[in-house]
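Some notes on the structure that comes next.
Given the structure is predicted, the values throughout are model-derived calculations rather than measurements.
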Amino acid sequence: MSRYNPKEVEPKWQQRWTDARSFETGADKDKPKYYVLEMFPYPSGRIHIGHVRNYAMGDVIARYKKACGYNVLHPMGWDAFGMPAENAAMQTGSHPAKWTYGNIDIMRGQLKQMGLAIDWAREFATCDPEYYVHQQRLFLEFWEAGLAYRKESLVNWDPVDQTVLANEQVIDGKGWRSGAPVERRKLSQWFLKITDYAEDLLAALDDGRLSGWPDNVKLMQKNWIGKSKGLQMRFPFADAAAAPKGFEDGVEIFTTRPDTLFGASFIAISPDHPLTAKLAETDKDLAAFVAECASAGTSEEAIEKAEKRGYKTALETGHPFDDRKLPVYVANFVLMGYGTGAIFGCPAHDQRDYDFATKYDLAIPPVVLPDGADAATWTLEGEPYIGPGEIFNSDFLNGLSVSDAIAAAIKKIEQMELGEGVTQWRLRDWGVSRQRYWGCPIPAIHCDTCGIVPVPQKDLPVVLPEEADFSVPGNPLDRHPTWKHVDCPKCGGKGRRETDTFDTFIDSSWYFARFASQPEDKPVDKEVADYWLPVDQYIGGIEHAILHLLYARFFTRAMKKVGHLSVDEPFANLFTQGMVVHATFKDAETGEWLLPEDVIVEKDAAKRADNGKPVKIGAIEKMSKSKKNVVSPEGIAETYGADAARWFMLSDSPPERDVEWTDSGVEGAWKLINRIWDAVSAAPGILKTVDLEKTAAGDDKTELRQATHAAIAGVTDDIDHFRFNKAIARIYEFLNTLKKEPPLMTGGYGMAAHSSAAYSGTAINPQPNKNGNSEWARAEALSALSRLIAPFIPHLAEECWETLGGDGLVCDAPWPNADPALLAKDEIVLGVQVNGKRRGEITVPAEADNKAVEEAALSDEAVKRHIDGKTVRKVVVVPKRIVNIVAN
RNA sequence: GCGGACGUGGCGGAACCGGUAGACGCAACAGACUUAAAAUCUGUCGAGGGUAACCUCGUGGGGGUUCAAGUCCCCCCGUCCGCACCA
């Protein structure tokens, strides 16, 4: 029996699939459609093992759904704009386009080696002008529809990458790519009105439109959108004449706790508040205070440590309900980006206000009495009271609960025309301008006469200039000698191109739609996009829970608004897969990180492969280049083949959890492949000798047939529920049963010259095979096996299918059906408990009634021993599960 | 601080609606084959006790509900993730 050779077999089938165009798809209205998509890769250089896991999962779904009769779309492309290309240009002088397209060529080849069922005819890169021209069109349409605008605002500035970042791209106060602390700058930027859809983006999380999404992702988005209801109101100044010009009306604040208005003891405004800026013009100390706040940093640690600090202005406001006067402070803990950038301080019932009031010796009047406390004696004990209770010391609110008082206070303020109940959102509009070269140019022209003017459709695409200077940081487009100089399309005068490019998250916000439909003259053909969308199954990393997934949801709504799509939600079902992790290795002496392949791991120690010096085994972590705990997919494919890598990536760990890459794991997968091949190659041509449509007489309920159908039912159910590890366990079980069967065949099924021991005599064939029925069962089993493994290890499956004599390609073969009659057992084994402890087991007919089961249980020898001398009080029979006898 | 998820053998993990805990794989050990090794095949494999049949304990800890709890409820411990001066 020849050993399976993936190095020959895998390329052979890849070529056959390509030749047969097995995975190319059109909008076939006669079939139900299924769109499966994995988050497309950034062409960073080479495929890593995490990609293998991600795409193997999508491939299982794609191949399975195709076998189930769906018209499957499974495309692939490249998220190709971005900083690394520009960094490479700075470091090596290689042009970003050259670097990117070179990487794409390498990675495409690697993906093809994995044997993915992808429609390569639809491939594109987001840096292709044929793609981004439509992105520019979409932007112009959004602009016209009021979904894009330009304004000057405080932005997150990444000093290392020298570009603006969206709020979503600032992690712990640091740039998501560079890790540098983000600074605040005032710049004119393009924004997309994602806040227009805040309500609907939030509502869809709960109303069933995203029932196919994991709860944790929905929760993260919900928190991110951050809806809170409250009161926005004005505190008029005590002396309006003292206020600077333009600010005489007072201070506009937002609060979620208007019930505590009587507990107010100060007003605080943000250092970034316009009033602060105005006051600072004439107050040097205040200007210094503001500057200090700006430099304090916004990182998690900085905030944690930052003391509540304030600057007392000369202004005072009144109070809406009594004649109190409240001092106005500029306070470092008030954010301009939320609410109105101003608050009223209620120290008794808010931790921050309490800290602040304590420090500046302000009054702390309590207005919420905890349930059960005595108003006469209760005091705050060194900390504010945040919980529920009854309002007191509050005039018309006295005696109300917190929630009733909130409603009453809002009503009163609305009557007084000082404010109104409002909804505040944490979500801000999406700033999309980036000061970079390697991105999609924003199609706008600045004209001194006409202002900002859209680039006319006929002039699209605005393409990047090929020549650019990457030798110094900053935006190469801005310092390009000629590119930005164009005439104004409106007045014909001198104009300047917008030199910012789009945030690359725009590129990935609609690529799934372009995969579905690729007309030349518009972003998508609506009818075709309607056929394919939404994506039925989207698969990717949890790290995109907010950024990409929220932007794509917004973009889909925006594209619907301007008439390109009919759906709100782009992804009907989302699966977030875990990472691939690996142990880390460090030279014990030098502390240098080592590649796994340069380390020899023995029982309890590890050493260097080159000089034998000791190696410290570190934590099991996400694979990263810096820690060198990476394994190359090519190396694996070289040794064991793509199938083994795919199989291992899907076995053992549940798909949503992290999986640890181990050498023994791949070896296990390799072993499995050979075991399957052994079973199959012992029966060449068997499918040509039998008619699987017709059950052979007498072959109705053998153990093998039951195992076959149990495997079909189990694997089907497991794939449907994304339990690939369990599907694989069932295939092992099935194979174990299949292997236990004695070799049945005495001939070669008409195929000569096969020299297996299985064919050579009757000695190893003692059992029932006289009428050939069991050969039929074996044929059925091997046919099912080939098809069940096809989504996971497609190359081996094709080789098996061909060897067995199946028709055509297994990737075109229908998914096997489980026969319910074979899933039902005639006899079942039931455990019998006495007082909740398992004491014996009985075998009864599956259809036995409770009484018969009870009798069988009570007459079991082991059970009898345990109830001897006791009285049976009760017998609980749970049909087909268990019997419990209560006795004492 | 707020919100969420999770905790099962040496390891990855199974266990559906509460119903025989540990499927399947890895590692380990023993045996067969081999001059030998690898590969392959067979067997053992939660802990303790017993020659054995079998018994006791066991799903992070403590309590509860139930004929029956890994699963449900309460309290605690631990790990991981998200958000974070959001008024």
Side-chain angles (χ1 to χ4, degrees), chain A residues 3 171-173 214-224 226-228 230-231 253-258 260 268 270 298 300 302-304 306-308 331-335 337-346 349-353 355-356 386 424-426 542-543 545-546 603 648 651-654 656-660 662-672 674-675 678 714 717 721 723 725-736 739 829-841 861-862 865 873-887:
Chain A
R3 203 165 161 82
I171 316 288
D172 289 346
D215 289 339
N216 61 337
V217 173
K218 286 194 280 190
L219 188 71
M220 279 190 246
Q221 293 215 348
K222 186 176 174 175
N223 290 339
W224 188 266
K227 179 179 185 174
S228 66
L231 169 68
I253 63 100
F254 173 74
T255 179
T256 56
R257 293 295 301 274
T260 64
S270 166
T298 51
E300 185 184 335
I303 288 165
E304 196 93 348
E307 210 183 334
K308 303 279 175 291
N332 65 342
F333 68 94
V334 180
L335 306 173
Y338 187 76
T340 60
I343 60 159
F344 82 85
C346 175
H349 305 290
D350 182 280
Q351 184 69 51
R352 295 152 304 181
D353 298 349
D355 296 346
F356 191 80
I386 317 291
Q424 276 292 339
W425 302 90
R426 194 181 167 282
I542 186 77
E543 67 272 19
I546 295 170
K603 248 191 167 165
F648 170 54
S651 60
D652 290 353
S653 291
E656 67 277 12
R657 254 184 255 181
D658 290 350
V659 61
E660 186 192 351
T662 57
D663 290 342
S664 56
V666 213
E667 278 160 25
W670 171 238
K671 226 158 73 178
L672 178 275
N674 281 291
R675 288 178 66 205
D678 287 350
D717 189 51
H721 292 92
R723 296 185 294 234
N725 55 323
K726 284 183 66 188
I728 281 175
R730 286 184 202 276
I731 290 171
Y732 272 107
E733 268 178 306
F734 178 33
L735 187 65
N736 288 343
K739 286 266 186 176
V829 177
L830 289 182
V832 182
Q833 298 178 330
V834 177
N835 293 330
K837 280 188 180 148
R838 183 182 176 279
R839 295 300 182 185
E841 62 181 36
E861 284 306 319
R865 255 199 342 268
R873 303 286 172 191
K874 192 173 173 185
V875 180
V876 180
V877 178
V878 184
K880 302 193 180 178
R881 291 207 186 264
I882 205 164
V883 181
N884 191 13
I885 297 163
V886 187

Considering only B:rG82, B:rG25, B:rG13, which nucleotide approaches the side chain of A:Met220 most closely?
-> B:rG82

Where does B:rG64 land, syn or anti, once you apply the within-90°-of-0 test for syn?
-> anti

Measure the distance from CZ on A:Arg426 to P on B:rC2 and round it to the nearest whole Å.
-> 17 Å

With the side chain of A:Asn332 defined as its heavy atoms from C-beta on, choose the nearest nucleotide among B:rC85, B:rA87, B:rC67.
-> B:rC85

Using whole Å, report how far NZ of A:Lys726 lies from C1' of B:rC16.
-> 7 Å

If the C1' atom of B:rG46 is compared with that of B:rA28, how far apart are they to the nearest Å?
-> 15 Å

Indicate whether OP1 or OP2 belonging to B:rC55 is found under 4.0 Å from a side-chain N or O atom of A:Arg839.
-> yes

Is A:Arg657 near enough to B:rG13 that one of its side-chain N or O atoms lies under 4.0 angstrom from OP1 or OP2?
-> yes

Are A:Lys308 and A:Asp353 within salt-bridge range, i.e. N to O under 4.0 Å?
-> no

Base, sugar-phosphate, or nothing for A:Asp350, non-hydrogen atoms under 4.0 angstrom?
-> nothing

Could you check which of B:rC83, B:rU20, B:rC85 has an atom nearest any side-chain atom of A:Gln833?
-> B:rU20

Between B:rA23 and B:rC72, how far is it from one P atom to the other, in whole Å?
-> 22 Å

What is the nucleic acid contact for A:Val886, judged by heavy atoms within less than 4.0 Å: base, sugar-phosphate only, or nothing?
-> sugar-phosphate

Of the listed B:rC24, B:rA87, B:rG19, the closest approach to the A:Ile343 side chain comes from B:rA87

Separation of atom CH2 in A:Trp224 from atom C1' in B:rC81, rounded to whole Å | 15 Å

Examine B:rG25: is either OP1 or OP2 under 4.0 Å from a nitrogen or oxygen in the side chain of A:Lys671? Give yes or no.
-> no

Starting from the C-alpha separation in whole Å, work towards a yes-or-no answer on side-chain contact (heavy atoms from CB on, under 4.5 Å) for A:Asn223 and A:Met220.
-> CA-CA 5 Å; A:Asn223 290 339; A:Met220 279 190 246; 5.8 Å; no

Got a donor-acceptor pair under 3.5 Å from the side chain of A:Asn223 to the base of B:rC83?
-> no

Select base, sugar-phosphate, or nothing to describe what A:Val875 touches, counting heavy atoms under 4.0 Å on all strands.
-> nothing

Have a look at A:Val832 and say if it touches a base, only the backbone sugar-phosphate, or nothing, with a 4.0 Å heavy-atom cut-off.
-> nothing

Could you give the CG-to-P distance, from A:Asn725 to B:rA15, as a whole number of Å?
-> 8 Å

Write down the distance between CD1 (A:Ile546) and P (B:rG82), rounded to a whole number of angstrom.
-> 9 Å

Could you tell me whether A:Thr255 contacts a base, only the sugar-phosphate backbone, or nothing, with contacts defined as non-hydrogen atoms closer than 4.0 Å?
-> sugar-phosphate

If you pin A:Gly341 and A:Val876 to their nearest nucleotides in RNA chain B, which one's is more 5'?
-> A:Val876

Using the C1' atom as the reference point in each nucleotide, state the distance between B:rU56 and B:rA5 in Å, no decimals.
-> 35 Å

May I ask you to say what A:Leu219 touches in the nucleic acid, namely base, sugar-phosphate or nothing, with a heavy-atom cut-off under 4.0 Å?
-> sugar-phosphate

How many Å lie between CZ on A:Arg257 and P on B:rC86, as a whole number?
-> 14 Å

Against the side chain of A:Asn736, the closest entry in B:rG13, B:rA87, B:rC24 is B:rC24

Taking for each residue the nucleotide of RNA chain B with the nearest heavy atom, is it A:Leu830 or A:Lys837 whose nucleotide lies nearer the 5' end?
-> A:Leu830

Roughly how many Å is it from CZ in A:Arg838 to C1' in B:rA69, rounded to a whole number?
-> 18 Å

Rounded distance (Å) that lies between atom P of B:rG13 and atom OH of A:Tyr732 = 16 Å

